[in-house]
Student: 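Take this structure, written in structure tokens, and hold onto it; I'll ask about it next.
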Protein chains: 2
Amino acid sequence: MEVIERIRKRSRQREEILAVLRSTKEHPTAAILHAEARKRIPRLSLGTVYRNLDVLEELGLLLHIRNGNSQDRFDGDVSPHYHFVCDSCGAVMDMRLPYRPDLDEAATRDGFQVRGHRLDFHGTCPACLKK
Amino acid sequence: MEVIERIRKRSRQREEILAVLRSTKEHPTAAILHAEARKRIPRLSLGTVYRNLDVLEELGLLLHIRNGNSQDRFDGDVSPHYHFVCDSCGAVMDMRLPYRPDLDEAATRDGFQVRGHRLDFHGTCPACLKK
DNA sequence: GTAGTTGCAAACATTTTGCGTTGTT
DNA sequence: AACAACGCAAAATGTTTGCAACTAC
């Protein structure tokens with residue numbers, strides 16, 4: 001948990017939530033993380049999951065993807081990268097595409113102070129194309 | 001209402017909602033549209049606003065921006081363009097930046113069928129910078 | 001007359017919060 | 001001992017839906 005312990009008290013719940021998130025390449029919802037983490041901490045409540053997701057986001061240890069059709073998704077990979085969202089099945093996948101800092105430069109004008117960007121591609125994912 | 005009338009029955013409510021959306025450069029939430037359209041149609045219900053936003057999205061007459069901190073926002077400008085989201089005040093603004101179809105080409109690989117992309121910049125908006 | 005559309009209110013789904021207890025430092 | 005974090009359940013938020021009445025065609 002590195003950074004955290006200087007600012008927050010440690011908790012098994014928080015460690016477990018982050019571990020689950022880091023163990024997958026999917027981009028799970030809060031409910032999925034809850035179900036998964038419960039396998040090891042059966043009494044873990046959903047409220048605790050949300051509270052810890054907030055804390056972890058604040059500390060920059062996860063990405064909060066407010067995209068989805070309904071439920072938000074979370075990404076344990078905080079390095080800059082882009083996503084692909086399937087129009088058909090709704091899955092969120094990582095793109096193997098270099099990050100483009102030059103886009104921020106092009107956008108810095110008209111008085112905007114640009115801190116970064118978010119780029120999502122959408123279309124049909126390989127799995128759905130097969131159907 | 002151009003296109004619509006061939007597919008749907010016309011309704012004053014739908015026309016008013018689209019008119020309000022087109023009259024602004026802000027990117028209003030459903031609640032804002034409701035409040036605004038109510039000035040002319042006092043009994044307009046929020047349910048009707050949501051139903052019509054769905055219809056209008058389906059017909060390609062608006063963009064549904066599932067971004068925001070909580071409430072979704074809507075954009076009456078359906079031409080391809082990018083947005084800036086202010087980290088400080090949450091406002092969504094249009095960027096004067098040319099659309100980049102080449103990004104889609106670069107992303108077409110690994111079996112993805114790319115239909116388009118969404119690019120949001122974030123940082124601090126001119127108004128918030130002054131404070 | 002038929003079927004799309006409405007207003008209203010109830011239902012939903014997701015996320016947030018209050019509170020008394022537990023855990024970490 | 002102090003106070004962060006917890007579990008639980010209730011509340012808040014944003015959106016959707018069922019239904020009877022209304023409206024466009």
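Bear in mind the structure is a predicted one, so any value in this text is a computation, not a measurement. Order of the sequence lines sets the chain letters (A, B, ...), proteins ahead of strands, with each chain counted from 1.
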Student: Can you tell me how far P of C:dT14 sits from CD of A:Gln71, to the nearest Å?
Tutor: 4 Å
Student: Is there a side-chain contact between B:Arg14 and the phosphate of C:dT5, meaning an N or O under 4.0 Å from OP1 or OP2?
Tutor: yes
Student: Just N and O in the side chain of B:Gln13: are any of them under 4.0 Å from OP1 or OP2 of D:dT23?
Tutor: no
Student: Is the side chain of B:Arg38 donor-acceptor paired with the backbone N or O of B:Leu44 at a distance under 3.5 Å, no angle test?
Tutor: yes
Student: Which label fits B:Phe74 and B:His64: parallel for a plane angle under 30°, tilted from 30 to 60°, or perpendicular past 60°?
Tutor: tilted
Student: Quick one, give me the B/S/- string for nucleotides 16-21 of chain C, reading 5' to 3', where B means a protein heavy atom under 4.0 Å from the base and S means that only happens at the primed atoms, P, OP1 or OP2.
Tutor: BBB---
Student: Counting only side-chain nitrogens and oxygens, does A:Ser45 get under 4.0 Å of the OP1 or OP2 atom of D:dG7?
Tutor: yes
Student: Could you tell me whether B:Glu57 and B:Arg66 have a side-chain N and a carboxylate O separated by less than 4.0 Å?
Tutor: yes
Student: Can you measure from NE2 (B:His122) to CG (A:Asp104) and round to the nearest 0.5 angstrom?
Tutor: 7.5 Å
Student: Tell me whether the rings of A:His27 and A:His83 are parallel (<30°), tilted (30 to 60°) or perpendicular (>60°).
Tutor: perpendicular
Student: For the pair made of CZ in A:Arg43 and P in C:dT22, what is the distance, rounded to whole Å?
Tutor: 10 Å
Student: Return the orientation label for the A:Phe112 and B:Phe84 ring planes: parallel under 30°, perpendicular over 60°, tilted otherwise.
Tutor: tilted
Student: Starting at the 5' end of DNA chain D, which residue's closest nucleotide do you reach first, A:Asn52 or B:Arg12?
Tutor: A:Asn52
Student: May I ask you to verify if any side-chain N or O of A:Ser11 is less than 4.0 angstrom from the OP1 or OP2 atom of D:dC6?
Tutor: yes
